[in-house]
Amino acid sequence: MPEGHTLHRLARDLRRDLKGSTVHAASPQGRFADGAAQLDGRVVTGTEAYGKHLFLAWDSGLLLYVHLGLIGKFRRKPAPLPDPQGEIRLRLATDDVAWDLSGPMTCTIDTPAIRTRLLAKAGPDPLRRDAEPDRFVTGLARRSSPLAVALLDQSLVSGIGNVYRAEICFLAGIHPLVPAREVSSEDAKVLWVLSVDLLTIGLRLNRIVTRDPQEVGLRSPSRISDDERLYVYKRDGEPCRRCHTTIVWADVGGRRVWWCPRCQPQSARRPSPRRQPVLT
DNA sequence: TACATATGATCAT
DNA sequence: TGATCCTATGTAA
């Protein structure tokens, strides 16, 4: 679940449910009992996402910092509040709703300095208005690693994960294994704009959809089925949705990346990118 | 029942 | 590069 859009969606949903409320906090699983005790009975004063980082501010002046990692989840449970199911590290509850956190990579209480430290080494986040795309463009030009590796590096760009990186390369028409520094600044800008567009759709739908709805004969990405919503991610052995060439994959730094050998050739000569339409 | 896998990241070797 | 952490789910045995 968790690429950047998930965390921004959580920040928004948690804000709507909890901001200004006195919260009952508990750690049913027990591994965050001390932390939950510190939060219990306090008021949430704000929420924020930056890339895959999530912060909840409290009236104590402290921050709850959450990183979901690969398997973490933060699930909403409307009243009547059910008993916690499974390994719930933290439950934040009001009379109306409970939020259950399970499997986070990080869940800590800290001073606001933690946020400053984290943001200082984070690349621009396509979902934030204060993002500086130039940091991505110039940073990319300095990397010798494959583009696919660079796109997962959160110090270069914040919020892209394994699904979006494959899909962004496809839509840009760029082979994921090309050295990042060989990507022209023009193409780097295209990669940035694609990131903004795709993550924005993901935030709105709370689901990753990269497919152009018109290709499927639909008006909105919200109607695209799970089977049809992606171009290349995990589609090895299947035909490209645009040219029918068989999708292939490779291991890059321990993680798989998929691409269409024809739509994303290694050579510099390639079809001009077809951008996803921006949705309002 | 066991194993593989997952949209992540860090630490050790 | 590999091991490790966190949890849930799907598939194989």
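Below, chains carry the letters A, B, ... as their sequence lines are ordered, and counting in each starts from 1. Computed over heavy atoms, backbone and side chain alike; hydrogens, waters and symmetry mates excluded.
- A close approach under 4.0 Å does not occur between any side-chain nitrogen or oxygen of His67(A) and OP1 or OP2 of dG8(B).
- Straight-line distance between the C1' atoms of dT7(B) and dG2(C): roughly 22 Å, to the nearest whole Å.
- For Asp40(A), the side-chain hydrogen bond (donor to acceptor under 3.5 Å, both in side chains) criterion is met by His24(A), not counting sequence neighbours.
- For the pair Gln264(A) (side chain) and Cys260(A) (backbone), a donor-acceptor distance under 3.5 Å is present.
- Across residues 108-120 of chain A, not one residue has a non-hydrogen atom less than 4.0 Å from an atom of DNA chain C.
- The shortest non-hydrogen separation linking Tyr50(A) to Ser158(A) is CE2-OG, 3.5 Å.
- Between dC5(C) and dT1(B), the two P atoms lie 24 Å apart (nearest whole Å).
- Of the listed nucleotides (dC6(C), dT7(B), dA9(B)), dC6(C) has the atom at the smallest distance from the side chain of Arg89(A).
- Exactly one of Tyr164(A), Trp259(A), Trp258(A), Phe170(A) qualifies for a ring-ring contact (aromatic ring centres under 6.0 Å, His included) with Tyr233(A). That residue is Trp258(A).
- Residue order along DNA chain B, read from the 5' end via each residue's closest nucleotide, puts Glu3(A) first among Glu3(A) and Lys121(A).
- In DNA chain B, the stems built from three or more successive Watson-Crick or G-U pairs (distances below 3.5 Å) are B:1-6 with C:7-12, B:8-12 with C:1-5.
- Within residues 156-164 of chain A, the residues approached by DNA chain B to less than 4.0 Å at the level of any non-hydrogen atom are Gly161(A), Asn162(A), Val163(A), in residue-number order.
- Among the heavy atoms of the strands lying under 4.0 Å from Arg31(A) are primed sugar atoms or P, OP1, OP2 only; no base atom is included.
- Counting any heavy atom pair closer than 4.0 Å across all strands shown, Leu68(A) reaches no nucleic acid atom.
- With P as the reference atom, dT9(C) and dA9(B) are 22 Å apart, rounded to whole Å.
- Each salt bridge (charged side-chain N to carboxylate O under 4.0 Å, His left out) pair with one or both residues in residues 41-62 of chain A, not counting sequence neighbours, appears once here: Arg42(A)-Asp59(A), Glu48(A)-Arg115(A), Glu48(A)-Arg128(A).
- Counting only distance, with no hydrogens or angles, the side chain of Gln154(A) and the backbone of Leu152(A) share a donor-acceptor pair below 3.5 Å.
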Could I get a table of every N or O pair under 3.5 Å where one atom is in the protein and the other is in nucleotides 8-11 of chain C?
residue : atom : partner  : partner atom : Å
dA8(C)  : OP1  : Glu87(A) : N            : 3.2

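- Remark: the Asp125(A) side chain and the His8(A) side chain contain an N/O donor-acceptor pair separated by less than 3.5 Å.
- The phosphate of dT7(B) (OP1 or OP2) has a side-chain N or O of Arg255(A) nearer than 4.0 angstrom.
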